[in-house]
Amino acid sequence: MPERILVCVGWPYANYLLHVGQAAGAYLPADIFARFQRLKGNEVLMVSGSDCHGTPITVAADKEGVDPRVIVDRYHPRILEVWERFGISFDLFTTTLTPNHYAVTQDVFLKLLENDFLYPKMAEYLYDPEAERFLPDRYVEGTCPHCGYTEARGDQCDNCGRTLDAVELVNPRSKISGATPVLRPSEHFFLRLSALESRLKEWVSEKRHWRKNVLNFTLGMLNEGLKDRGITRDIKWGVPVPVEGYEDKCIYVWFDAVIGYLSASKEWAQIRGTPDAWKPFWEDSSTRSYYFVGKDNIPFHTVVWPAMLMGYGGLNLPYDVPANQYVNFSAGQKQSKSKGTGTWMLDLLDAYAPDVVRFYLTTVLPETTDTEFREEELIRANNDVLIATWGNLSNRVISMVHRNFEGVVPESGPLAPESQALLDEAMTAFDSVGAEFDACHFRAALQEALRLAQSANKYLDERAPWKAVKQDKDHAAETLAVALDVINALKVLLHPVLPFSTVQLHGDLGLPDDVVSQGWGFQPVPRGTVLAPVQPLYTKIDVTSEGAGA
RNA sequence: GGCAGGGUAGCUCAGCUGGUCAGAGCGCACGACUCAUAAUCGUGAGGUCGGGAGUUCAAGUCUCCCCCCUGCUACCA
């Protein structure tokens with residue numbers, strides 16, 4: 001019975017290039033998961049898009065004296081390029097600038113308003129009289145009232161680490177213009193999170209399968225008590241508030257960004273020519289929806305978005321939010337998009353084959369703790385694990401079939417116990433590896449799959465077909481045929497992580513159709529199949545040269 | 001400051017509800033093999049599980065205190 005799986009991935013901000021941390025934190029795990037589910041024969045919808053609103057984009061645009069759209073148009077195509085080259089298999093990767101997204105966002109807004117989960121409230125906010133805009137706390141600098149640090153930000157002092165309120169700062173100044181901010185009254189809509197607190201608690205308490213950090217963090221937030229949250233801003237770049245008298249205000253970026261999952265699903269359905277196709281993914285309660293995000297985004301996906309969905313009514317809440325920790329870069333330096341440090345995905349993909357990057361990143365996915373990206377480790381993983389254990393396995397077997405059996409998969413007679421044992425192991429692997437993938441334990445899944453490759457290597461060493469072929473050709477035939485069957489199993493087991501090279505292997509094995517249509521399960525290579533000439537799946541990387549991948 | 005996660009072999013990381021939990025892979029040393037991208041297979045060395053105190057017959061595993069890293073702390077998203 002096929003299941004329906006909705007894979008939602010955090011929306012990248014459209015004013016930076018994508019770095020390794022984002023790829024490993026959200027997009028790669030989401031893609032591995034989606035590919036696995038498709039192999040299982042499940043119906044998968046995987047959506048995301050560029051988050052195009054928000055203060056940083058308008059600030060960047062102002063700095064260059066251009067429309068924010070120019071910034072978006074510069075980065076969105078680069079993001080798409082990463083998906084293409086890295087093999088992130090979105091069903092739709094859109095933006096928050098589409099008319100559809102605006103319409104869906106406003107619909108959610110109005111429905112929440114109608115259901116009394118939104119209400120307007122007057123308050124005072126910091127205003128930059130020179131730049132003529134209201135300032136988020138982060139855009140105010142000044143002297144810390146506690147330690148006297150002169151570069152303190154409005155939300156926190158980087159020197160003494162205290163949390164601040166922007167109005168506490170001594171000598172406050174706007175980060176944008178340098179002007180002294182003033183307080184100005186403004187009326188904004190607030191999301192009545194407080195009213196949904198108990199329902200959220202009840203809902204979260206059932207989520208035993210959530211990761212420890214996600215569950216505890218969310219429970220902690222709920223137990224502290226939820227405060228209503230302002231969801232509109234005095235800005236012109238964003239989705240307009242669809243209420244009379246509020247024409248000069250926009251819906252705040254995080255509110256519209258999470259709605260993107262829904263609007264993208266609807267857009268996907270429209271593009272496909274089946275406008276209602278989104279509904280089963282959102283309205284059928286048997287659908288499992290997953291949200292792949294970084295740990296900094298947990299509250300938006302385990303509290304705010306669920307609250308919005310509850311307030312809206314009739315739509316599925318997240319089934320799981322397998323949030324990841326961070327991938328750090330070199331000596332504990334964070335992969336920060338704002339600081340401009342880190343390894344950009346496009347640079348990395350210029351240097352290395354996508355599957356090599358995917359393989360290495362999968363071994364260091366920050367599933368439970370922050371991890372570290374190191375280029376020399378990537379090279380080592382390629383040479384000493386990917387090629388040594390897996391690439392070389394298929395290479396040595398295919399080579400021997402060419403040398404001794406004219407490249408045709410030989411017949412295997414009655415199987416020796418060790419041959420049957422290896423095949424049994426391959427069949428079992430679909431359960432064990434599959435269970436890990438399904439539980440979003442991608443590192444463990446990869447490790448488990450590689451164990452089968454090691455067993456196959458051991459099997460070859462014990463049966464020594466290169467020796468057997470001289471006295472007992474049937475013995476060698478059996479060994480190679482069985483080894484090919486296991487390689488074919490590994491091709492499927494590894495496909496979610498290594499989509500490019502396993503597709504190549506599928507063709508090299510002379511098999512029809514594609515890997516996905518073969519499905520998640522053991523399939524022997526038909527005897528008599530003609531193999532393609534030997535063609536290495538991966539290329540060794542010279543340690544001394546800077547990235548020479550194929 | 002508060003909340004959450006993490007601190008385990010040279011490196012990257014597993015270790016759920018306390019008793020083969022002191023592990024895996026890589027690296028390193030030695031041996032075997034030579035089909036294969038000097039790949040593979042076997043053997044071995046390596047850690048008082050961040051520090052201290054406690055509970056227990058028994059603690060990386062529970063409790064308390066301390067140190068370090070990361071995130072959040074509601075106007076970055």
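Proteins come first, then strands; the chains are lettered A, B, ... in the order of their sequence lines, and each starts at number 1. Below, each value reflects all heavy atoms present in this structure, side chains not excepted, and no hydrogens, waters or symmetry copies. Here the structure is a predicted model, which means the values were calculated and not measured.
Looking at A/Asp320 and A/Arg211, no side-chain N of the basic residue comes within less than 4.0 Å of a carboxylate O on the acidic one, giving no salt bridge. For the pair A/Arg463 and A/Glu478, the salt-bridge criterion is met [side-chain N within less than 4.0 Å of a carboxylate O].
Between A/Thr302 and A/Thr218, the side chains place a donor N or O and an acceptor N or O closer than 3.5 Å (distance only, hydrogens not considered). Residues A/His101 and A/Thr96 bring no donor and acceptor atom of their side chains to less than 3.5 Å of each other. A/Lys212 and A/Thr368 are not linked by any side-chain donor-acceptor pair at a separation below 3.5 angstrom, with hydrogens and angles left out of the test.
Picking from B/U40, B/C76, B/U37 the nucleotide with the shortest atom distance to the side chain of A/Thr55 gives B/C76. Among the nucleotides B/C33, B/C13, B/A36, the one closest to the side chain of A/Trp466 is B/C33. Among the nucleotides B/U37, B/U70, B/C76, the one closest to the side chain of A/Ile387 is B/U37. Among the nucleotides B/A39, B/A74, B/U34, the one closest to the side chain of A/Asn392 is B/A39. Distance from the side chain of A/Asp296 is smallest for B/C72 among the nucleotides B/C41, B/C72, B/C33. Nearest to the side chain of A/Lys540, among B/A74, B/U37, B/A36, sits B/U37. Set against B/C41, B/C76, B/A74, the side chain of A/Pro136 has B/C76 as its closest nucleotide. Nearest to the side chain of A/Lys458, among B/C76, B/U70, B/C41, sits B/C41.
Comparing the C1' positions of B/G52 and B/U12 gives a spacing of 29 Å, expressed to the nearest Å. For the C1' atoms, the distance from B/G15 to B/U55 is 23 Å, rounded to whole Å.
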What donor-acceptor contacts under 3.5 angstrom involve side-chain atoms of residues 52-59 of chain A, with partners at least two apart or in another chain?
unit_1, atom_1, unit_2, atom_2, d
A/His53, ND1, A/Asp256, OD2, 3.0
A/His53, NE2, A/Tyr102, OH, 3.1
A/Thr58, OG1, A/Thr55, O, 2.7

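Position along RNA chain B of the nearest nucleotide to A/Glu224 versus A/Glu124 favours A/Glu224 as the more 5'-ward residue. When each of A/Val397 and A/Gln325 is assigned the nucleotide of RNA chain B with its nearest heavy atom, A/Gln325 is the one assigned upstream, toward the 5' end.
With sequence neighbours excluded, the residues that form a ring pair (Phe, Tyr, Trp, His ring centres under 6.0 Å) with A/Phe189 are A/Phe109, A/Tyr246. With sequence neighbours excluded, no residue satisfies salt bridge (Lys or Arg N to Asp or Glu O under 4.0 Å) with A/Arg199. Legend: residues meeting side-chain hydrogen bond (donor to acceptor under 3.5 Å, both in side chains) with A/Asn382, ordered by chain and number and at least two apart, are absent.
The stretch residues 208-222 of chain A touches RNA chain B through A/Lys212, A/Asn213, A/Asn216, A/Phe217, each having a heavy atom within less than 4.0 Å of the strand.
Using the Watson-Crick or G-U wobble rule with both distances under 3.5 Å, B/G18 pairs with nothing in any strand shown. If you check B/C11 for Watson-Crick or wobble pairing at under 3.5 angstrom, you find it paired to B/G25. B/A32 is paired with B/U40 under the criterion used here, namely a Watson-Crick or G-U wobble arrangement in which both key atom distances are under 3.5 Å. For B/A4, the paired nucleotide is B/U70, the pair qualifying as Watson-Crick or G-U wobble because both relevant distances are below 3.5 Å.
Look at A/Thr371 and you'll find a side-chain N or O under 4.0 angstrom from OP1 or OP2 of B/C13.
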Practice item. Treat primed atoms plus P, OP1 and OP2 as sugar-phosphate and everything else as base, then score nucleotides 21-29 of chain B 5' to 3': B for base contact with protein heavy atoms under 4.0 Å, S for sugar-phosphate contact only, - for none. Key: ---SSSS--
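If you look at A/Trp254 and A/Phe300, their ring centroids are closer than 6.0 Å.
For B/G46, the base is syn relative to its sugar; the glycosidic angle is within 90° of 0. An anti orientation is assigned to B/G27, its glycosidic angle lying beyond 90° of 0.
At the heavy-atom level, A/Asp51 lies under 4.0 Å from the strands shown only through sugar-phosphate atoms.
In this structure, the CG atom of A/Asp370 is 17 Å from the P atom of B/A4, given to the nearest Å.
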